[in-house]
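Have a look at the structure below before the remarks.
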Amino acid sequence: MDEFLARLRNFDIRIRKAVNSQMRGSFRSVFKGTGLEFTDLRTYQYGDDVRAIDWNVSSKGHGTFVKVFREEKDQTVFFVVDVSASQQVGPSYRDKLAATKEVCGVLALSAIREASHVGMYCFSDQKEKYIKPSNGLKTGYQLIMSLYKLQPESGRTSIADALLFTLNALKRRSVVILLSDFIDQQYEHNLKALAKKHDLVVIHLYDQREVKLPRLGIIPVHDTETGRTIWVNTSSAAFRNGLHDTFRQNQVRLERLCKQYNANYLALDSQEDFVPKLVELFRVRK
């Protein structure tokens, strides 16, 4: 756990240095709200904007009242994290799930520092862990510790169910960061609904072996989600091209969907240094 936290702090420092030098700002634009929130009513005074008059209250005959708003600064940052078995692809020292935990952890540290409310939902084809959004360092470190220690009970995936849970759990507009390898089907409808209601950031994790499999001849491949083992010829050009084309088609479809509904999309190789790409994501969002 100490090593994991040390890695997160190192990533966090690198990101903050890059953000401050390139954009002369902080994470505020990424995690802070900029809208207005209704707080109270008061009697109309000369010079008030007539568009702020609450006609429903004023029509009761006790005077003319206007709505008072305050700047909505605190934002809820909610992480939706895929912890299914397909995320365990990659070398033993760093698979997709390990990379996912690091990216989620460093973004959580950033959100905590900006006094945002932070929450998390980890999923497979069921609820693996849910932390209700709250502010404060205690909640943030509880999230990071839970993420580090999590041992999923199920290996299967249901992105659609996870997105539906998020839609029902979050009552106000939030920054939703979805981390998954998106090896699933029929989640597009719920993704559209989430992107319309919230500020959605999609982080797509993948491993090079899912894109460019090494030539190993005929080998057994075990599907960790279904428990099935099949034999494939990794030296076959048709098989290798089919694997690459399937990944690329899924990626293009997901990226196009995000662009259509104004969601941010970021693809990350689980073995690469993700700091430069996160900094670029912050620059785009700013």
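Everything numeric in this text was worked out from a predicted model, so none of it was measured.
Atom OG of residue S110 and atom CG of residue D12 lie 4.5 Å apart, to the nearest 0.5 angstrom. Annotation: the span from I219 atom CD1 to T234 atom OG1 amounts to 5.0 Å, rounded to 0.5 Å. From L8, atom CG reaches atom OH of Y141 across 9.0 Å, with rounding to the nearest 0.5 Å. The distance from the OH atom of Y261 to the NZ atom of K196 is 5.0 Å, given to the nearest 0.5 Å. Taken to the nearest 0.5 Å, the OG atom of S86 stands 12.0 Å off from the CZ atom of R156. With values rounded to the nearest 0.5 angstrom, L200 atom CG is found 6.0 Å from C258 atom SG.
Of all non-hydrogen atoms in A108 and I144, the two that sit nearest each other are CB-CG1, 4.5 Å. The two residues V83 and E128 make their nearest non-hydrogen contact at CG2-CG, 3.8 Å. Across every non-hydrogen atom of L150 and C122, the tightest pair is CD2-CB, 3.7 Å. Of all heavy-atom pairs spanning A99 and R94, the tightest one is CB-NH2, 3.7 Å. When all heavy atoms are compared, the tightest approach of L254 to H204 is CD2-ND1, 4.0 Å. For the residue pair H198 and S174, the shortest heavy atom distance occurs at ND1-N, 3.1 Å.
A donor-acceptor pair under 3.5 Å is formed between the side chain of K197 and the backbone N or O of L170. In this structure, the side chain of R42 does not engage the main chain of V66 through any donor-acceptor pair within 3.5 Å. Without hydrogens or angle criteria, T229 side chain to P220 main chain gives no donor-acceptor distance under 3.5 Å.
In this structure the side chain of I159 reaches within 4.5 angstrom of the side chain of F123, judged on heavy atoms. Counting heavy atoms from C-beta on, the side chains of Q208 and Q271 never come closer than 4.5 Å. Considering only heavy atoms from C-beta on, S146 comes within 4.5 Å of K129 through its side chain. Annotation: side chain of V77 is in contact with side chain of I177 (closest heavy-atom distance under 4.5 Å). Contact annotation: the side chain of D207 never approaches that of Q87 to less than 4.5 Å [non-hydrogen atoms, C-beta and beyond]. With a 4.5 Å cut-off on side-chain heavy atoms, H117 and Q75 do not count as touching. Between Y206 and S270 the shortest side-chain heavy-atom distance does not fall below 4.5 Å. For the pair V80/F78, a side-chain contact is recorded, criterion being any heavy-atom separation below 4.5 Å from C-beta on.
Aromatic ring pairs are classed by plane angle as parallel below 30°, tilted from 30° to 60° and perpendicular above 60°; the pair Y130 and F165 is perpendicular.
Connection of V202 to V252 is not established within any shared hydrophobic cluster, with ILVMFWY side chains joined at heavy-atom distances below 4.5 Å, either directly or through further cluster members. Tracing side-chain contacts under 4.5 Å through hydrophobic residues (I, L, V, M, F, W, Y), one reaches M145 starting from V81; they form part of the same cluster. F4 and L278 fall within the same hydrophobic cluster, defined by Ile, Leu, Val, Met, Phe, Trp and Tyr side-chain heavy atoms under 4.5 Å apart, directly or through other members. Under the 4.5 Å side-chain contact rule for hydrophobic residues, F79 and L5 share a cluster. When hydrophobic clusters are built by joining Ile, Leu, Val, Met, Phe, Trp and Tyr residues whose side-chain heavy atoms come closer than 4.5 Å, directly or via intermediates, F182 is not grouped with L179.
Here ring pair (Phe, Tyr, Trp, His ring centres under 6.0 Å) pairs that include residues 43-65, with residues two or more places apart or in two chains, number zero.
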(message) side-chain contact (heavy atoms from CB on, under 4.5 Å), that's the test. Do L281 and V279 meet it? Break it down for me.
(response) CA-CA 5 Å; L281 172 66; V279 172; over 6 Å; no
(request) Apply side-chain contact (heavy atoms from CB on, under 4.5 Å) to L178 and L191, showing your working. (result) CA-CA 10 Å; L178 172 61; L191 187 72; 3.8 Å; yes
(request) Applying salt bridge (charged side-chain N to carboxylate O under 4.0 Å, His left out), run through D82 and K96 and close with a yes or a no. (result) CA-CA 10 Å; D82 182 353; K96 285 188 295 183; over 6 Å; no
(request) Dump the intermediate steps for side-chain hydrogen bond (donor to acceptor under 3.5 Å, both in side chains) on S158 and D161, then the final yes or no. (result) CA-CA 6 Å; S158 179; D161 287 349; 3.0 Å; yes
(request) In sequence, state the C-alpha distance, the side-chain angles, and the governing distance for D269 and K277, and then conclude on salt bridge (charged side-chain N to carboxylate O under 4.0 Å, His left out). (result) CA-CA 11 Å; D269 181 341; K277 286 193 173 181; over 6 Å; no
(request) Could you walk me through whether L205 and F274 pass the side-chain contact (heavy atoms from CB on, under 4.5 Å) test, one step at a time? (result) CA-CA 11 Å; L205 277 295; F274 58 77; over 6 Å; no
(request) Could you give me the CA-CA distance, side-chain angles and deciding distance for N233 and F239, then say whether side-chain contact (heavy atoms from CB on, under 4.5 Å) is met? (result) CA-CA 7 Å; N233 184 1; F239 174 78; 5.7 Å; no
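In Q186, the CD atom is not crowded: 12 or fewer heavy atoms of neighbouring residues, nucleotides or ligands sit closer than 6.0 Å. In the displayed structure, Q185 atom CD is contacted under 6.0 Å by at most 12 heavy atoms of other residues, nucleotides or ligands. Taking a 6.0 Å sphere around CZ of R256, one finds it holds 12 or fewer heavy atoms contributed by other residues, nucleotides or ligands.
A side-chain contact (heavy atoms from CB on, under 4.5 Å) with L163 holds for exactly one of V176, L194, N168; it is L194.
A salt bridge is absent between K101 and D95: the closest approach of a Lys/Arg side-chain nitrogen to an acidic carboxylate oxygen does not fall below 4.0 angstrom.
Judged purely by distance below 3.5 Å, without hydrogens or angles, the side chains of D125 and T157 never pair a donor atom with an acceptor atom. Side-chain N/O atoms of N250 and R253 include a donor and acceptor closer than 3.5 Å.
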